[in-house]
Chemist: 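I have a structure here, written as structure tokens, and I will follow up with some questions on it.
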Number of protein chains: 2
Amino acid sequence: MAPEVERVAPSTAPRSADVARVAGVSRKTVSRVLNGEPYVSDEARRRVLAAAEELGYRLNHAARALASGRTRSIGVVALGTAGYGTASLLVRIEHAVRDAGYTLRVVNTPDGAPEDIAGAVASLLEQGVDGVVVSEPIVKGDVPLRLDVPALFIGAPPAPSFTANRTLTVGVAAHELARAATEHLLDLGHQTVHHLAGPRQWYATKDRIEGWQAALAARGAHEPPLLNGDWSAASGYAAGRALASDGSVTAVFAAGDEMAIGLIHALREAGRRVPEDISVVGFDGNPVFAYVSPPLTTVRQPFEAAAREGIRLLVHAIEKPGAELPPADEPPVELVVRGSTAPPPSRPGGSVLRTT
Amino acid sequence: MAPEVERVAPSTAPRSADVARVAGVSRKTVSRVLNGEPYVSDEARRRVLAAAEELGYRLNHAARALASGRTRSIGVVALGTAGYGTASLLVRIEHAVRDAGYTLRVVNTPDGAPEDIAGAVASLLEQGVDGVVVSEPIVKGDVPLRLDVPALFIGAPPAPSFTANRTLTVGVAAHELARAATEHLLDLGHQTVHHLAGPRQWYATKDRIEGWQAALAARGAHEPPLLNGDWSAASGYAAGRALASDGSVTAVFAAGDEMAIGLIHALREAGRRVPEDISVVGFDGNPVFAYVSPPLTTVRQPFEAAAREGIRLLVHAIEKPGAELPPADEPPVELVVRGSTAPPPSRPGGSVLRTT
DNA sequence: GTGAAAGCGCTAACAT
DNA sequence: ATGTTAGCGCTTTCAC
């Protein structure tokens, strides 16, 4: 027997060879059992499992990844802001990924700057992820980036400079949701609807603006100037203070629940009643805002559906590179009418004519 | 020259050998440059970097992990609920981990059941993480679990059955925060303070209850029966309905902002004024609740500090296994007094005597 | 300062 | 149904 040279730290952890020895089979058979491959006798399978259990064996994913070229992991580039929307989308994604038998690697981009997104994707690629999901891309100044794994975009199509092995997009119905919110207000009898938008670089912002514009245009309503916020309640509050002095506004659609809350607060502080004088609709569907005064009318983003559907598509693209993709379900559009919206106050003189 | 057999998919991606060839150096030198090791001439370093750039080379982390036995990644077991508290803690952790030069692997446990936590940790270990962080452990029915990497517990000490190579704990000052919230109410003149707690299995729940009890005991105040919620606004609302009919309660400390919001809503619906009749304090510090009526008095969890401090400790334990740990800073305790708290209504008869 | 050789623990391809 | 052999792409050891 050749003298085995002891290595410095002979890593006491059991390896597949140990399992094979204890079970009395070959390493390959152990591998087959652990990967659920066919052509293993029940007897062998049982022995392997017992041996693994007995030894406290834990598979080494790095070795598997190196040998197989796959990691069974999916990377996600998320916005590092703890807003309800992004956070709950991330939780849904994690769940869907885990259900699909993959693990998750997360890289946050603090403010979603394009070069940060590129860097985040590069970092995920080095980690060898089998697929990438970009949850809320930025619209402007995209950085060219190529990847050789499938990529899923949630909520927005990728920038043209983005080239992937395969590119998938699943919507969160932002346009339709914004449109539904605006139409709800118009249906209530408001002459027009103001819009408090998020930061302009966000795709999400753009979609909501366009949905709002579409609803206005369809009714021939006048399009008032945009209000700008940064998703925070504080920015909604600032917008509300500016708006409160303008007696002509009777309805506002805010691009986020928190901005809507800040807006309402400023309006009320200024003596304007909500919803009697001004109606406000939010965007996101955070359930806690059913318990404030007035309960916030909002629109619910179908994160659960988008995450599940998107990951399904992504995993399909990873596992069956050739096959055509199953069609994506359309995400549901859900308007949650609560107490922050009402018909506009009747005009002095009772006129319904537009006062352009 | 021996005939090289072409493999089926010769993976077009450049490897370190390609970089070495282009740079005119050995693979080992490439490795040295990529790892920032000393003993490389500036000239060699420059050529390697240029070659890597030119080829679009990306290091293979799986191979590195296999060879070195380290992944430079940290795994976190998080509660898969999108509450503000847990979500923002996770974001802070991700940031701290990234700043330390590590990558993050996340596994959510939907409801934090002990066996789920054990499974999550096992999954992370298979992935070869260099360290583990358990962000909000459960108190009851712990599953024995051994790990050979350092583990960081945020907000609670590990269960006794938990054995790690090295165990670190960093607090979020929950006890002190709960105590501060309760004392604030007592200082305002309330005879006692009711507590709306979270689910009992949560460590976080336990800490808050104990802090509340400590404050009460220190003042010799009577300890009323506990109210139970599940962190949701809906559960706070339910508790509020039950409480509204009890004329003796004047102050409530809720273990979460959202529960506080639901509670206040129920109280007001029942005709009780907040803060005039009943004062309410929340827990978490979500800034949006500064913009509701009444603005919520709350207590801010030092997530930023806890995450940064905890990861610093964990990385230290990973990289210097022997060394003594630098002492942990005490997390700051921050009470945010807003509008939901006030002195108790004056008693009929003006008596200040306790009506036991 | 640099390089050659020998694995890390697993799966792939091809036996049998 | 199972085993054998040859790597995956990197870092390690140790020689130069």
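In what follows, chains are A, B, ... by sequence order, proteins preceding strands, each numbered from 1.
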Chemist: Less than 4.5 Å apart, side chain to side chain, heavy atoms only: is that true for T103(B) and R98(B)?
Modeler: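 A side-chain contact is absent here, since even the closest heavy-atom pair is not under 4.5 Å.
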
Chemist: Below the 4.0 Å mark, does dT11(D) have OP1 or OP2 next to a side-chain nitrogen or oxygen of S31(B)?
Modeler: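 Looking at the OP1 and OP2 atoms of dT11(D), one of them is under 4.0 Å from a side-chain N or O of S31(B).
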
Chemist: Taking only the side-chain nitrogens and oxygens of S16(B), find out if one of them lies under 4.0 Å from OP1 or OP2 of dG9(D).
Modeler: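 The answer is no; no side-chain N or O of S16(B) sits under 4.0 Å from OP1 or OP2.
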
Chemist: For dA13(C) and dG9(C), measure between their P atoms and round to the nearest Å.
Modeler: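 23 Å, rounded to whole Å.
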
Chemist: Could you measure the distance from the OG1 atom of T86(B) to the CD1 atom of I154(B)? Nearest 0.5 Å is fine.
Modeler: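 It comes to 12.0 Å.
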
Chemist: Distance check, rounded to the nearest 0.5 Å: L168(B) atom CG versus E309(B) atom CD?
Modeler: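 Answer for the CG-CD pair, L168(B) versus E309(B), is 10.5 Å.
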
Chemist: For DNA chain D, what is the dot-bracket line, given that a base pair needs Watson-Crick (N1 to N3, plus N6-O4 or O6-N4) or G-U wobble (N1-O2 and O6-N3) geometry with both distances under 3.5 Å, and | means paired with another strand?
Modeler: ||||.|||||||||||

Chemist: For a quick check, tell me whether the side chain of K28(B) and the base of dA4(C) share a donor-acceptor pair closer than 3.5 Å.
Modeler: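 No.
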
Chemist: Atom OG1 in T109(A), atom CD in E94(B): separation rounded to 0.5 Å?
Modeler: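 The CD atom of E94(B) is 9.0 Å from OG1 of T109(A), to the nearest 0.5 Å.
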
Chemist: Please tell me which of the listed nucleotides, dG3(D), dT12(D), dG7(C), lies nearest to the side chain of E37(B)?
Modeler: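 My answer, after comparing the listed nucleotides, is dT12(D).
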
Chemist: For dG9(D), does the base pair up with any side-chain atom of R58(B) as donor and acceptor (N or O, under 3.5 Å, distance only)?
Modeler: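 By the distance-only test, no, there is no pair.
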
Chemist: Within the structure, does a side-chain N or O atom of N60(A) lie under 4.0 Å from either OP1 or OP2 of dC8(C)?
Modeler: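 For N60(A), the contact criterion (side-chain N or O under 4.0 Å from OP1 or OP2 of dC8(C)) is not met.
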
Chemist: OP1, OP2 of dC10(C) versus side-chain N and O of Y57(A): anything below 4.0 Å?
Modeler: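 For dC10(C), OP1 or OP2 has a side-chain N or O of Y57(A) closer than 4.0 Å.
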
Chemist: Check every atom of dT11(D), dT4(D), dG9(D) against the side chain of S26(A) and return the nucleotide holding the closest atom.
Modeler: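 Selected nucleotide (nearest to the side chain): dT4(D).
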
Chemist: Can you check whether E54(B) reaches V22(B) side chain to side chain, under 4.5 Å on heavy atoms?
Modeler: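 A side-chain contact under 4.5 Å exists here.
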
Chemist: At under 4.0 Å, does any side-chain N or O of S68(A) touch on OP1 or OP2 of dC10(C)?
Modeler: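 Answer is no, no contact under 4.0 Å.
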
Chemist: Of all the choices, dG1(C), dC10(D), dA4(C), which nucleotide is nearest to the side chain of R15(B) once you look at every atom?
Modeler: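 Between dG1(C), dC10(D), dA4(C), the one nearest the side chain of R15(B) would be dC10(D).
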
Chemist: Quick check on dG3(D): is either OP1 or OP2 less than 4.0 Å from any side-chain nitrogen or oxygen of T29(A)?
Modeler: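 Answer is yes, contact under 4.0 Å.
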
Chemist: Between dC10(C), dT2(C), dC10(D), which nucleotide gets closest to the side-chain atoms of Y39(B)?
Modeler: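 Looking only at heavy atoms from C-beta outward on Y39(B), the closest nucleotide is dT2(C).
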
Chemist: Listed in order of residue number, which residues of residues 43-54 of chain B have a non-hydrogen atom at under 4.0 Å from DNA chain C?
Modeler: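 Residues of residues 43-54 of chain B that come under 4.0 Å of DNA chain C are, in numerical order, A44(B).
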
Chemist: Rounded to the nearest 0.5 Å, what separates atom CG in L49(A) from atom CZ in R46(A)?
Modeler: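 Reported value, rounded in 0.5 Å steps: 9.5 Å.
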
Chemist: When you match N35(B) and R32(B) each to their closest nucleotide on DNA chain D, which lands nearer the 5' end?
Modeler: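 Between the two, 5'-proximity favours N35(B).
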
